2 protein chains.
Amino acid sequence: MGHAKHDYPLDRDQVSDLLEAHGILPTQQRVDIAYVLFQRAQHLAAEQVLASVNAYYGHVSKATVYNTLGLFVRKGLLREVLIEPGRTFYDSNTRDHHHVYDVETGELEDIPASSVAIQADSSIVDGAEVEGMDLVIRIRRHGEAAGG
Amino acid sequence: MGHAKHDYPLDRDQVSDLLEAHGILPTQQRVDIAYVLFQRAQHLAAEQVLASVNAYYGHVSKATVYNTLGLFVRKGLLREVLIEPGRTFYDSNTRDHHHVYDVETGELEDIPASSVAIQADSSIVDGAEVEGMDLVIRIRRHGEAAGG
DNA sequence: TTGGGTGCAAACTATTTGCATTCGA
DNA sequence: TCGAATGCAAATAGTTTGCACCCAA
């Protein structure tokens, strides 16, 4: 847990291998979708994935995008990031990391897990297996004093 | 930041005062809704709030519930918690705290901020004001060895 | 050949909005 | 009184589902 699974960007053959390595049959559409996702570490909503794939590669339907994204999440290839209500972002950064969210611009940035130390009382998770820790640091960048 | 704003449960007068203290006109419906919410620290979806209010107090419409929850969030009386895609939970715990999420049961539990130490490199938030940190620890409780 | 994958459209869920009515300072 | 709050229903946005067709092993 917590190590990089691959680098960016991946070419189509590498994407195909990546899917197979995760037990996913690398069909045309899935490779198209993964190719868009794994160009770099990024946060994309389903709608954006759909638009990118259809703009640059073969046609993919909305249902297939949703099905595929869900599949990738279940297989550990993507991470769901829930920041804004009602919109799921899919995070193609498979490294162990956290997020900084600018509440004013809506910008979402990755920070490596190594730059944050999280220490929880052992009693918190006593007897349970920790699947992961998701930290979101909410910031506002305007340096000005809050007026009123 | 990070101190308790009030205790639980609140009676209707206290709820009314709480709303006024946050610049919210305490109408009948808003007090009904707040009264349900602030019985204790809990995580409720809009639908559950609607059902509770209508079961125990006067009638409130769906739109008013959503409008009111949104208002309470904007005024800092509630916290939005996004764990499951497509469903917003409203957290009536106004104390500084984090969450433990059981990925198998969907159970969501509060843990006081004081039982977790989070130390981020200063460069991460350089020049920005930290609004808050949301930590979700995802666990699974089955003690058994992961088989396959 | 054949079961999984895909596309399409309809269904569904959660949430927001428009507007007429009602409430509260 | 009069602007703000509310209720209702329709609209919207995101996501899921059902089913016929197609493709890859």
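Letters go in sequence order (proteins before strands), and every chain restarts at 1. Worth knowing before you read on, the calculation uses all heavy atoms, side chains too, and leaves out hydrogens, waters and symmetry mates. What you are looking at is a predicted structure, and each value in this text was computed from that prediction instead of being measured.
Applying the 6.0 Å contact sphere to CZ of A:R40 captures no more than 12 heavy atoms from other residues, nucleotides or ligands. Under a cut-off of 6.0 angstrom, the local environment of CD in A:E47 is sparse, with at most 12 non-hydrogen atoms contributed by other residues, nucleotides or ligands.
Using a 4.0 Å cut-off between charged side-chain N and carboxylate O, A:R140 and A:D102 make no salt bridge. Looking at B:R141 and B:E109, a side-chain N of the basic residue comes within less than 4.0 Å of a carboxylate O on the acidic one, giving a salt bridge.
One finds no side-chain N or O of B:T64 lying less than 4.0 angstrom from the OP1 or OP2 phosphate oxygen of D:dT6. Under 4.0 angstrom from either OP1 or OP2 of D:dT6 there lies at least one side-chain N or O belonging to B:R30. For the pair A:Y66 and D:dT16, the criterion of a side-chain N or O lying under 4.0 Å from OP1 or OP2 is not met. Taking 4.0 angstrom as the limit, A:H59 places a side-chain polar atom (N or O) nearer than this to OP1 or OP2 of C:dC8. In terms of phosphate contacts, A:T27 brings no side-chain nitrogen or oxygen within less than 4.0 Å of OP1 or OP2 of D:dC23.
Rounded to an integer number of Å, the gap from A:K62 NZ to C:dC8 P is 12 Å. Residue A:Q48 contributes atom CD, which lies 11 Å from atom P of D:dT15 at whole-angstrom precision. Per the geometry, CD belonging to A:E84 stands 14 Å off P belonging to C:dT15, to the nearest Å. Put simply, CG on B:N67 is 8 Å from P on C:dT16, counting in whole angstrom units. Residue B:L50 contributes atom CG, which lies 12 Å from atom C1' of C:dA14 at whole-angstrom precision. If you take CD of A:E20 and C1' of D:dA25, they are 12 Å apart, rounded to a whole angstrom.
Between B:T88 and B:L25, the residue anchored closer to the 5' end of DNA chain C is B:T88, taking for each the nucleotide with the nearest heavy atom. Map A:V65 and B:Q28 each onto its nearest nucleotide of DNA chain C; the residue landing nearer the 5' end is A:V65.
Closest to the side chain of B:T68, out of D:dG14, D:dT6, D:dC8, is D:dT6. Of the candidate nucleotides C:dT17, C:dA14, C:dG7, C:dG7 has the atom nearest to the side chain of A:A63.
Using a 30° and 60° split on the angle between ring planes, A:H43 and A:H99 fall in the perpendicular class, above 60°.
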